[in-house]
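The structure under discussion appears below in the form of structure tokens.
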Amino acid sequence: FHGFTHPRVAMENAIRYFQIPEKEQNMILRHMWPLTPIPPKSVEGFVLLYADKFCGTAEVAGRIKHLLGPVLRPTVSITKDGRVGLCGNN
């Protein structure tokens, strides 16, 4: 639901607070493509679109890493006799 309503709300807020030109309105309105059926008109619009996708992906990946980090990152232990072993985080 957010992906379908966010672009228009963001554009209306940008118009209300910053009086942005039509090109920037189009960039904001279409930055959720392909959820919005029509892609951006300009190269700058595609730059914004892919920057938004990159940031969203990085944010989600960071949250996943934070949640699964202890599971995915085993602890290295060294025994008294000098042997190295792996164990889970306890």
**Prompt:** Hey, mind stepping through Ile38 and Arg30 against side chain to side chain contact (heavy atoms under 4.5 Å, CB included) and telling me if it holds?
**Reply:** CA-CA 7 Å; Ile38 304 169; Arg30 308 278 173 83; 3.1 Å; yes
Handout entry: side-chain hydrogen bond (donor to acceptor under 3.5 Å, both in side chains) contacts in which one or both residues fall within residues 10-20, not counting sequence neighbours
Key =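 The answer is Asn13-Arg16.
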Not counting sequence neighbours, which residues clear side-chain hydrogen bond (donor to acceptor under 3.5 Å, both in side chains) with [X]? List them please.
X	value
Lys23	Glu44
Asp52	none
Glu59	Arg63

**Prompt:** Between Pro7 and Trp33, is any pair of side-chain heavy atoms under 4.5 Å apart?
**Reply:**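 Answer no - side chains too far apart.
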Taking all non-hydrogen atoms of both residues into account, name the closest pair between Pro39 and Phe46 and its distance.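 Shortest heavy-atom contact: CB-CZ, 3.8 Å.
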TODO: State, to 0.1 Å, how close Met27 and Leu48 come at their nearest heavy-atom pair, and which atoms those are.
DONE: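 Shortest heavy-atom separation between Met27 and Leu48 comes out as O-CD2, 3.6 Å.
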### Query
Does Phe4 sit in a hydrophobic cluster with other residues, and if so which ones, taking ILVMFWY side chains as linked at heavy-atom separations under 4.5 Å, directly or through other members?
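When side chains under 4.5 Å apart are linked, the cluster holding Phe4 also contains Met32, Leu35.
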**Request:** Enter the distance from Met11:CE to Leu29:CG here, rounded to the nearest 0.5 Å.
**Result:**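 Separation between the atoms: 5.0 Å.
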Exercise for the section: Please list, chain by chain and in numerical order, all residues satisfying side chain to side chain contact (heavy atoms under 4.5 Å, CB included) with Ile20, sequence neighbours excluded. Expected result: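 Applying side chain to side chain contact (heavy atoms under 4.5 Å, CB included) to Ile20 gives Ala14, Ile15, Phe18, Glu24, Gln25, Ile28.
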